[in-house]
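Structure first, commentary second.
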Amino acid sequence: MLVLLKRSLILAVVAALLAVPLMPHFIYPVFAMKVMCFALFACAYNLLLGHTGIVSFGHAAFFGTAAYVTGYAMRELGLPPEISIAAGVIGSAGLGAAIGALAIRRQGIYLAMITLALAQLVYFVFLQAEFTGAEDGMQEIPRGVLFGLIDLRSDFNLFYVVMALTGAGLWLVYRIVNSPFGEVLRAIREHEPRARSLGYAIEKYKILAFALSAGLSGLAGSLKCIVFQLASLTDVHWHMSGEVILMTLLGGMPTVFGPAIGAILVSALHHYFDALGAWVTIVIGLIFILCVLVFRRGVAGQLHHMLQERRPTAPSAERRNLKEGQHAQV
Amino acid sequence: MEIFGVPLQAFLGQIILGLVNGAFYAVLSLGLAIIFGLLRIVNFAHGAFFMAGAFVAFILGRHLNLGYWSSLLTVPVVVGLFGVLFERLFLRRIYGLDPIYGLLLTFGLVLVIEGGFRVAFGSSGHPFPSPPELRGVWNLGFMVLPVYRAFVIGVAIVVCLATWFIIEKTQVGAYLRAATERPDLTRAFGINVPLLLTLTYGSGVGLAAFAGVLAAPIQHVYPSMGSDLVIVVFAIVVIGGLGSIMGSAITSLGLGVIEGLTKVYYSQASTTVVFLVMALVLLLRPAGLFGREET
């Protein structure tokens, strides 16, 4: 029974992954690209939340900054997409290191409030800056030609570029989580004083985790900017920070790729129920409340937990029950 | 007369405006501090309850013709009761968990409340008349002071002092402080701590709604009026710490004034100055001005 369940799960995942390259033939490619951007954003965010135990409430700042930087580079400076995306990623990684360095001076709930406040600072900077077009956003950003070869004005071409970059980003997340560096991050999450007493420079690890998470969030933001040819205040607003937390929580904080599931669900909710206006906000709020109250493992975390629970001999199962929903590494 | 190239009139006007903002920060951060002290929960929904207070006053005024003064008394009770309900039904379930879940849960509540008012009333602002008794201005000779603004500052100071008095000098306050320090031991002495938690959350929420009614005649009433405010209040809380009532009140008023002065000298930065001060404090005094680190 268990083996069957596991096999069918693996099969479903493989089938879903194989279906990705075919997606533009079935669904609106812009929506499919949006989902990929948010999947990357959520998984990048989870580097901090799920794997380091740091709750940032300001990730919209990184997502939005990259979108604005990329948009500025492409529209105002006329740079090609590859350089503009790189600029966006570097910009948001730098911002991530700066905000991270400030935020980690406090912990827990205070850290969340600090990141929220600093992200609001970034929001106001973009609201007032000349080039952002304030409330209208930065519109009609040209998509350009990648490496002088691939014309991104075609949705199909762009789709495969976004797919490749998202894939690369997710692979990087996976590599980070499963590296010795990732082990140290988990050590910090589980017991910071002990990790410190083992000789790890906690601050440096945390700041690096911030920068990596911010840089990958920035990659998502830059791609989103090119897909929609738009960078707007929505991208830097605290609603966006909240939404990425919800995606992560809903998808599965204890896992690597679980947040992508959350991203798909939340994006679909926005996409298909857009006509309902503010009702969508209410529904998202209710899902948030439900997740916190009864569904803290998220979809992927719950699946993983169900598979683990049937094997009481697994050495980590006991620990997992002790500290709910914090361990598995899918 | 000018101060650093700014007419005295404008200078003092902005200080008053800053004090008014500071007064709202003070009342809100006070509620946050009381709730956090006992429940270990950072109430993200504080701004939403502030907004709800303004809206409920607006609705009562429009449909039941309830006057400003009756609103000022009834609205905090109505919204506070909603807070009590929320605490009993939802918040109570996550007390044992990491405090961060409290922030997330109340964040979800923000989306629900804000979305609800947006569905019912749209996103734009509704004007709210100030009470006839407090219209007009006082001419102090060197400046003109709108009566209502002076009233708000006065009320906020009274509220802060009263809260301080209740917590530090009364029996209920003693229970509250005991339950903050050692909930288990307080319970062992036969004090109903769960009830205390509910009442504390209700009063904190009521206080936010009270501030909302106070703010209604100054600002227009609109669904996102609270959330922008609460983020500033979070920054203030980081600066002043959640530990001390007087500390947070003084920090709030001070930052309100700083914000007002920034409006005079470099208005572009007036929305960001509080966050910049927070960053500076984090660099120089990581534990905050009245630092007693609590996580």
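Labels below follow one simple rule: chain letters A, B, ... track the order of the sequence lines, proteins then strands, and each chain is numbered from 1.
With respect to chain B, the highest number of heavy-atom pairs below 4.5 Å among A:Cys291, A:Ala119, A:Ala101, A:Ala278 belongs to A:Ala278. Most heavy-atom pairs under 4.5 Å with chain A, from the set B:Thr271, B:Val42, B:Leu276: that is B:Thr271. For the set A:Ile245, A:Leu249, A:Leu293, the count of heavy-atom pairs under 4.5 angstrom toward chain B peaks at A:Leu293. Chain B forms the most heavy-atom pairs under 4.5 Å with one residue out of A:Ile114, A:Leu111, A:Val55, A:Val125, and that residue is A:Ile114. Ranked by heavy-atom pairs shorter than 4.5 Å toward chain A, the options B:Met278, B:Arg118, B:Arg93, B:Glu114 are led by B:Met278.
With respect to A:Val244, the side chain to side chain contact (heavy atoms under 4.5 Å, CB included) criterion is satisfied by exactly one of A:Phe41, A:Phe38, A:Phe57: A:Phe41. When each of B:Ile258, B:Ile236, B:Thr262 is checked for a side chain to side chain contact (heavy atoms under 4.5 Å, CB included) with B:Val274, only B:Ile236 meets the rule.
Within 6.0 Å of CZ in A:Arg194 there are 12 or fewer heavy atoms belonging to other residues, nucleotides or ligands.
Between the OG1 atom of A:Thr234 and the CZ atom of A:Phe63 there is a distance of 10.0 Å, given to the nearest 0.5 Å.
Using a 4.5 Å cut-off between heavy atoms, B:Phe90 contacts chain A through both its backbone and its side chain. At a 4.5 Å heavy-atom cutoff, A:Tyr123 makes no contact with chain B through either its backbone or its side chain. Heavy-atom distances place no part of B:Phe117 under 4.5 Å from chain A, backbone and side chain included. Only the side chain of B:Val110 comes within contact range of chain A, judged by heavy atoms closer than 4.5 Å. At a 4.5 Å heavy-atom cutoff, the contact between B:Ile94 and chain A is made by side-chain atoms alone.
Cation-pi check for B:Arg40 over B:Phe36 is met; the charged atom lies under 6.0 angstrom from the ring centroid and within 45 degrees of its normal.
Using a cut-off of 4.0 Å between Lys/Arg side-chain N and Asp/Glu carboxylate O, B:Glu259 and B:Lys263 are scored as not salt-bridged.
Classified by interplanar angle (parallel below 30°, tilted 30° to 60°, perpendicular above 60°), the ring pair B:Phe55/B:Phe121 is tilted.
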